[in-house]
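Below, read A as the first sequence line, B as the second, and so on, with proteins coming before strands; counting in each chain starts at 1.
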Amino acid sequence: MSSVHNNIFSEIRQTVKQIPFGYVSTYGNVATALNLRDVRLVGWALHGNQDPSLPCHRVVKKDGHLASNYSLGGWQEQARRLQKEQVFFLKPNQVDLAKCFFDLTRVE
DNA sequence: AAAGTGACGCATT
DNA sequence: TAATGCGCCACTT
């Protein structure tokens with residue numbers, strides 16, 4: 001990853017930062033909020049992230065399953081962070097979107 | 001400079 | 001129901 005992003009990547013990060021504590025959003029929802037045609041860009045922007053102010057663990061797949069390739073420690077680490085925020089889980093690797101989904105298209 | 005690739009998701013076979 | 005294809009960005013080689 002490079003230094004400066006006056007591009008979609010910074011937009012993605014801005015959007016992800018709007019997900020409140022205790023809630024999650026999905027890759028697709030972020031993409032829709034930004035009118036992106038390629039959802040993979042969201043994952044790309046978060047891949048290898050080290051910024052603690054960027055809650056990348058709050059982004060999951062559309063059905064609530066955790067990121068299959070979560071960078072730092074795999075989905076188990078992502079699950080640990082979410083449980084710390086008292087997010088509801090249906091299964092060890094799947095959150096309850098019905099209770100914890102935050103729609104980013106509503107706030108933008 | 002060009003081609004390959006990816007924390008996904010939807011439509012098509 | 002499973003498998004495949006595409007998206008068209010940004011980054012890497």
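- The separation between D38(A) atom CG and dG4(B) atom P is 17 Å, rounded to whole Å.
- Spacing between atom CG of N35(A) and atom C1' of dC9(C) amounts to 14 Å, rounded to whole angstrom units.
- For the P atoms, the distance from dT5(B) to dG5(C) is 14 Å, rounded to whole Å.
- Both R40(A) and N29(A) lie close to DNA chain B; mapped to their nearest nucleotides by heavy-atom distance, the more 5′-ward contact belongs to R40(A).
- The separation between D51(A) atom CG and dA7(B) atom P is 20 Å, rounded to whole Å.
- Checking side-chain atoms of R81(A) against main-chain N and O of H57(A) turns up no donor-acceptor pair under 3.5 Å.
- Heavy-atom nearest nucleotides on DNA chain B were determined for L41(A) and for K62(A), and the one closer to the 5' end corresponds to L41(A).
- Going from atom CG of D63(A) over to atom P of dA7(B) covers 17 Å, rounded to whole Å.
- Within 6.0 Å of the CZ atom in F89(A), the count of heavy atoms belonging to other residues, nucleotides or ligands exceeds 12.
- Using a 4.0 Å heavy-atom cutoff across all strands shown, S71(A) reaches at least one base atom of the nucleic acid.
- For dA7(B), the base is stacked against the aromatic ring of Y70(A), per a cut-off of 5.5 Å between centres and 30° between planes.
- Taking CD1 from I8(A) and CG from L36(A), the interatomic distance works out to 5.0 Å, rounded to the nearest 0.5 Å.
- Checking dA7(B), dC9(C), dG9(B) against the side-chain heavy atoms of N69(A) singles out dA7(B) as nearest.
- For the side-chain contact (heavy atoms from CB on, under 4.5 Å) criterion with V16(A), the lone passing option out of L46(A), N49(A), L104(A) is L46(A).
- Protein atom CG of L97(A) is 10 Å distant from nucleotide atom P of dG9(B), rounded to whole Å.
- For T26(A) and dC8(B), the shortest distance from a side-chain N or O to OP1 or OP2 is not below 4.0 Å.
- Proximity note for L46(A) (side chain, C-beta onward) versus dA7(B), dC11(C), dG9(B): the nearest is dA7(B).
- We find the OG1-CG distance between T26(A) and D103(A) to be 8.5 Å, quoted to the nearest 0.5 Å.
- Rounded to whole angstrom, the span from the OH atom of Y27(A) across to the P atom of dC9(C) amounts to 21 Å.
- One atom, CG of L66(A), and another, C1' of dG9(B), lie 17 Å apart when rounded to the nearest Å.
- If you take CD1 of I12(A) and P of dC8(B), they are 13 Å apart, rounded to a whole angstrom.
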